[in-house]
Amino acid sequence: MFSVKDRNFIVTGASGVLGTAISVALAKSGANLAILGRSEQKLKDTLERINSFGGNHHAFACDVLKAEELSKINVDILSQFPTIDGLINVAGGAAKGASTKAEFLYPDTPLQDSFFGINLSDFQQTSDLNFMGTVIPAKVFGEAMARQQFGNIINISSMGAILPLSKSPAYSAGKAAVNNFTQWLAVHLSKSNIRVNAIAPGFILTEQNRFLLFDEKTGELTPRGKRIVAHTPLGKLGNPDDLISTIFWLLSEHSSFITGATIPVDGGFSAYNGI
Ligand SMILES: NC(=O)c1ccc[n+]([C@@H]2O[C@H](COP(=O)([O-])OP(=O)(O)OC[C@H]3O[C@@H](n4cnc5c(N)ncnc54)[C@H](O)[C@@H]3O)[C@@H](O)[C@H]2O)c1
């Protein structure tokens with residue numbers, strides 16, 4: 001019912017934790033993939049894993065903010081895949097200097113730790129990565145979908161898009177722009193049989209953030225982990241499979257009446273204000 005067998009997908013950010021998990025799940029189910037990421041070595045590792053399931057897969061190290069690089073890659077992809085069934089924009093993240101050290105600016109908070117100490121170039125890089133890093137691949141790779149008159153674009157957003165994450169203004173604003181752009185593009189492409197949706201994951205436990213959420217020695221939740229779980233009505237953290245099942249659904253005909261939506265996969269986090 002949710003078959004992706006023999007369909008062709010492009011996944012950006014495929015060398016990262018979630019991008020790898022998504023790519024492996026799609027390849028395991030018989031899809032052909034063009035995977036993009038910044039780290040050549042990590043991409044090679046992902047390519048090796050997905051090749052073990054068979055299929056026709058290709059890896060491209062690139063910067064999603066460079067349209068010219070993507071255009072060249074697009075030519076390669078189109079020489080391999082006669083049609084493009086979907087694009088999954090996973091690339092994203094935050095540069096350290098784009099976050100504030102302090103959550104609140106009290107009279108005695110050093111200004112350096114507040115918004116006024118933020119590094120503007122890191123701020124721009126982070127908002128660009130999340131926003132333009134979605135817009136540019138959609139423009140470059142979406143054109144083939146417009147020509148073939150079908151396709152499916154899924155953008156990975158964040159809870160920060162709905163309510164800004166404390167200390168992370170650039171990331172949150174970049175993801176908010178992703179949600180808005182998802183709606184705009186969905187309407188714009190609605191007469192071309194192309195659906196555009198986003199997924200806003202809540203707190204997904206990955207190997208990368210495990211140390212922030214669980215105490216290595218005791219295995220107990222850290223104070224931050226406890227705060228997150230306490231604010232999540234379902235009382236747990238998410239795992240990559242929670243996202244993957246939503247992606248399969250959005251890629252399938254079972255979501256054929258859904259476009260322009262941002263689906264929270266967050267255990268109820270965004271529905272709960274704690275009062
Ligand atoms: N992990 C979570 O809990 C969580 C929650 C909400 C949203 N997200 C979003 O999910 C996505 C993946 O997150 P992750 O946890 O796997 O992060 P990650 O850091 O492991 O992966 C990020 C990926 O983006 C790629 N990337 C970064 N800048 C790039 C650039 N300029 N050009 C090309 N590729 C670039 C990296 O190479 C990497 O493959 C991100 O968009 C993130 O914002 C993650």
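Note that these values count all heavy atoms, side chains included, but never hydrogens, waters or copies made by symmetry. Read the numbers this way: they start at 1 and go in the same order the structure lists the ligands and their atoms.
In terms of protein heavy-atom proximity, atom 24 (O) of ligand 1 is closest to A91 CA, 3.4 Å. Q208 OE1, 3.9 Å is the protein heavy atom nearest to atom 19 (O) of ligand 1. In this structure, the protein non-hydrogen atom closest to atom 9 (C) of ligand 1 is I156 CG2, 3.7 Å. At the top of the distance list for atom 16 (O) of ligand 1, counting protein heavy atoms only, stands L18 N, 2.7 Å. Protein heavy atom at the shortest distance from atom 27 (C) of ligand 1 is R38 NH2, 3.5 Å. The protein non-hydrogen atom at the shortest distance from atom 43 (O) of ligand 1 is Y171 OH, 2.6 Å.
Residue V64 has at least one N or O atom closer than 3.5 Å to an N or O atom of ligand 1. Remark: ligand 1 and L65 share no N or O pair separated by less than 3.5 Å (distance only, no angle test).
At least one heavy atom of G202 lies less than 4.0 angstrom from ligand 1. Ligand 1 lies out of reach of K42, whose nearest heavy atom is not under 4.0 Å from it.
Pairing each heavy atom of N89 with each of T12, the nearest pair is CA-OG1, 3.4 Å.
Listed by number with element, the atoms of ligand 1 under 4.0 angstrom from any heavy atom of V90 are 11 (C), 12 (C), 40 (C), 41 (O). Near S15, meaning under 4.0 Å from any of its heavy atoms, are these atoms of ligand 1: 37 (O), 38 (C), 39 (O). Heavy-atom proximity to C62, at under 4.0 Å, picks out these atoms of ligand 1: 32 (N), 33 (C). Close approach to D63 involves these atoms of ligand 1, each under 4.0 Å from a residue heavy atom: 30 (C), 31 (N), 32 (N).
Between H58 and F81, the ring planes are perpendicular. Angles over 60° get that label, and only those under 30° would be called parallel. Using cut-offs of 30° and 60° on the angle between ring planes, the pair F2 and H254 is tilted.
Between E143 and K139 no salt bridge is recorded (no basic side-chain N to carboxylate O distance below 4.0 Å).
Of the options G92, S157, A200, the smallest heavy-atom separation from atom 7 (C) of ligand 1 is shown by S157. Scanning G133, G13, P240, A95 for the heavy atom closest to atom 23 (C) of ligand 1 points to G13.
Remark: the S157 side chain and the N179 side chain contain an N/O donor-acceptor pair separated by less than 3.5 Å.
A distance of 11.0 Å separates CG of N152 from CG of L189, quoted to the nearest 0.5 Å. Taken from CD in Q112 to NZ in K101, the straight-line distance is 6.5 Å, to the nearest 0.5 Å.
Tested against N155 for a side chain to side chain donor-acceptor pair (under 3.5 Å), the candidates N197, T182, T134 yield a single pass: T182.
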* Could you give me the CA-CA distance, side-chain angles and deciding distance for D76 and Q80, then say whether side-chain hydrogen bond (donor to acceptor under 3.5 Å, both in side chains) is met? => CA-CA 7 Å; D76 272 5; Q80 298 294 334; over 6 Å; no
